[in-house]
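The structure appears below as structure tokens.
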There are 2 protein chains.
Amino acid sequence: MARPKKENRKDDILEAGLEVFADKGYYNTTTALIAEKAGISQPYVFKFFKTKEELFVAALDRAYERILQAFEIEAEPEDLVNDMIKIYEELTESNPNEIALQLIGLSVTEDAIRNSTRLGLASIRNHTLEKFQSAEIPNAEEQVSTFLARGILCNISHFINMPELIDGGGR
Amino acid sequence: MARPKKENRKDDILEAGLEVFADKGYYNTTTALIAEKAGISQPYVFKFFKTKEELFVAALDRAYERILQAFEIEAEPEDLVNDMIKIYEELTESNPNEIALQLIGLSVTEDAIRNSTRLGLASIRNHTLEKFQSAEIPNAEEQVSTFLARGILCNISHFINMPELIDGGGR
DNA sequence: TTAATTAGTGATTGATTAATCACTAATTAA
DNA sequence: TTAATTAGTGATTAATCAATCACTAATTAA
């Protein structure tokens, strides 16, 4: 009963995992749900990922990669910070799953996942810091910290549906 | 075999729950672990809390209460923001469990827990906003947003042990 | 054409754990 | 002193789910 329709099975599963994990969190996501979304049987997941944890790490890494990719831009020094904020806002709309997964990864205590989170955050921080420094932004490190803080509050605000956390409670 | 030593059983359990949840997260915490820490048997937990979820909500509410309490201060308008930042830093050292639980609550998808998180965050935001407004801080709403953002990044930085997120990567 | 490989599945298992049940011992009240 | 209540436990259960196993059908290579 092999249906040779799709050839990117591993990628299908990764993408399905990204979606389901982002929606339900790590622990409430079953491998059966991911399989269903990917259009395969539950055991077949394990042909590509040894464990659920490994699959989550792969999805989390992909999410961080996509966030990093979005920041690969050229901008005039004077526009840099504003451009990056704009990019992040757009990303929040266009790739909500990647953003949600980032947040979910933060409070998963499993070691491998914690490490992926650390690596992902560190790479975003480093990338941003380099950009800020190249643009000769004064007090770059503090500015990066503020940038990250606002970004994460933005994620939270979307994820738990509390817009007043960032829009000042207006309208 | 009733041992009438302790009379604050419910409180013991709540406190034990706060600790274990903060350490292991919601899903990796078993009611057996909490019972062990509280010095009682696992089934006895359910005499005080109908479900594990109800217990978590109680612990989360307590955590938010304590955070709010800490902000109940009098300060000269010109010192307000700095005082509040200092208080928050101290709280992070003195009550790490409350801070951790706040973060953990953010990515638990269960409805009742999500609602407690929203209530807790809203009350912190409102309290802070009132203080800032009373002190006639210009742009109070934006300042509150920044204050919250920095606070949460601070929590994350402690929780996942990545000091460079807030201290600028120095030392 | 047939052997080997690849793609895939249904059924099962073993571990975990929230929650319940059926109790017992101690304490308090009458 | 005894009846009722309170405090507590050990054993069990029912559900969930990651992971494995034992397969089958299709595809490719010889």
Side-chain angles (χ1 to χ4, degrees), chain A residues 1-60 104-105 108-114 116, chain B residues 1-60 104-105 108-114 116:
Chain A
M1 234 180 263
R3 298 166 315 156
K5 286 172 193 171
K6 299 283 187 71
E7 58 280 324
N8 282 6
R9 281 331 199 171
K10 187 165 184 175
D11 235 57
D12 293 346
I13 296 168
L14 202 45
E15 206 59 39
L18 188 61
E19 286 176 44
V20 184
F21 281 131
D23 181 42
K24 304 195 119 50
Y26 177 65
Y27 301 97
N28 282 328
T29 292
T30 67
T31 54
L33 271 174
I34 295 172
E36 192 186 18
K37 176 146 279 182
I40 59 169
S41 67
Q42 181 259 343
Y44 200 34
V45 169
F46 294 88
K47 282 268 159 55
F48 300 93
F49 300 93
K50 274 203 284 290
T51 62
K52 174 183 168 180
E53 192 176 329
E54 192 180 300
L55 170 52
F56 184 84
V57 167
L60 186 61
I104 287 165
V108 172
T109 53
E110 274 74 5
D111 283 348
I113 296 173
R114 176 63 47 86
S116 261
Chain B
M1 235 179 264
R3 298 165 312 153
K5 287 172 191 171
K6 297 284 187 72
E7 59 281 325
N8 284 4
R9 283 328 198 173
K10 188 165 183 176
D11 234 57
D12 293 347
I13 296 168
L14 201 45
E15 207 58 41
L18 188 62
E19 286 176 43
V20 184
F21 282 131
D23 181 42
K24 305 194 119 49
Y26 178 65
Y27 301 98
N28 282 328
T29 292
T30 67
T31 53
L33 271 174
I34 295 172
E36 191 184 20
K37 177 146 279 183
I40 59 169
S41 68
Q42 181 261 340
Y44 199 34
V45 170
F46 294 88
K47 282 267 157 58
F48 301 93
F49 300 93
K50 274 201 283 291
T51 62
K52 174 182 166 180
E53 191 175 332
E54 192 179 301
L55 170 52
F56 184 83
V57 167
L60 187 61
I104 286 165
V108 172
T109 53
E110 273 75 5
D111 283 349
I113 295 173
R114 175 61 48 86
S116 261

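Basis for what follows: all heavy atoms, side chains included, without hydrogens, waters or symmetry-related copies. A quick note: this is a predicted structure, and the numbers were derived from the prediction, not measured. So that the names make sense, note that chain A is the first sequence line, chain B the second, and so on, each numbered from 1.
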Worksheet item: Atom CZ of F46(B) and atom C1' of dG10(D): how far apart are they, to the nearest Å?
Response: 15 Å
Worksheet item: What's the closest nucleotide to the P43(B) side chain, out of dA19(C), dG10(D), dG10(C)?
Response: dG10(D)
Worksheet item: Quick one: is R9(A) getting a side-chain N or O under 4.0 Å of the dA7(C) phosphate, OP1 or OP2?
Response: no
Worksheet, complete the sentence: Judged by nearest nucleotide, the residue sitting upstream toward the 5' end of DNA chain D, S41(B) or N28(A), is S41(B)
Item to complete: Can you tell me the distance, in whole Å, between the NZ atom of K50(B) and the P atom of dT20(C)?
Response: 10 Å
Practice prompt. Please check if atom CD in E36(A) has more than 12 non-hydrogen atoms from other residues, nucleotides or ligands closer than 6.0 Å.
Written response: no
Item to complete: Find the distance F48(A):CZ to dT9(C):C1' and express it as a whole number of Å.
Response: 13 Å
Item to complete: With a 3.5 angstrom cut-off on both distances, give the Watson-Crick or G-U wobble partner of dG14(C), or none if there isn't one.
Response: dC17(D)
Discussion item. What is the distance, to the nearest angstrom, from the CD atom on Q42(B) to the P atom on dT16(C)?
Written reply: 15 Å
Item to complete: State whether R9(A) and D12(A) are salt-bridged, where the test is any N-O pair (Lys NZ or Arg NE/NH1/NH2 against Asp/Glu carboxylate O) under 4.0 Å.
Response: yes
Fill in: Who pairs with dA30(C) - Watson-Crick or G-U, where each distance is under 3.5 Å
dT1(D)
Discussion item. Rounding to an integer number of Å, can you tell me how far K24(B) NZ sits from dT17(C) C1'?
Written reply: 15 Å
Worksheet item: So, is Y44(B) close to the dG8(D) phosphate, meaning a side-chain N or O under 4.0 Å from OP1 or OP2?
Response: yes
Worksheet entry | Any side-chain donor near an acceptor of the partner, E15(B) and N8(B), under 3.5 Å | no
Fill in: Residue matched to dA25(D) through Watson-Crick or wobble contacts both under 3.5 angstrom
dT6(C)
Worksheet item: Does OP1 or OP2 of dT17(C) have a side-chain N or O of T30(B) closer than 4.0 Å?
Response: no
Worksheet entry | Closest-nucleotide 5' rank along DNA chain C - winner of Y27(B) and K47(A) | K47(A)
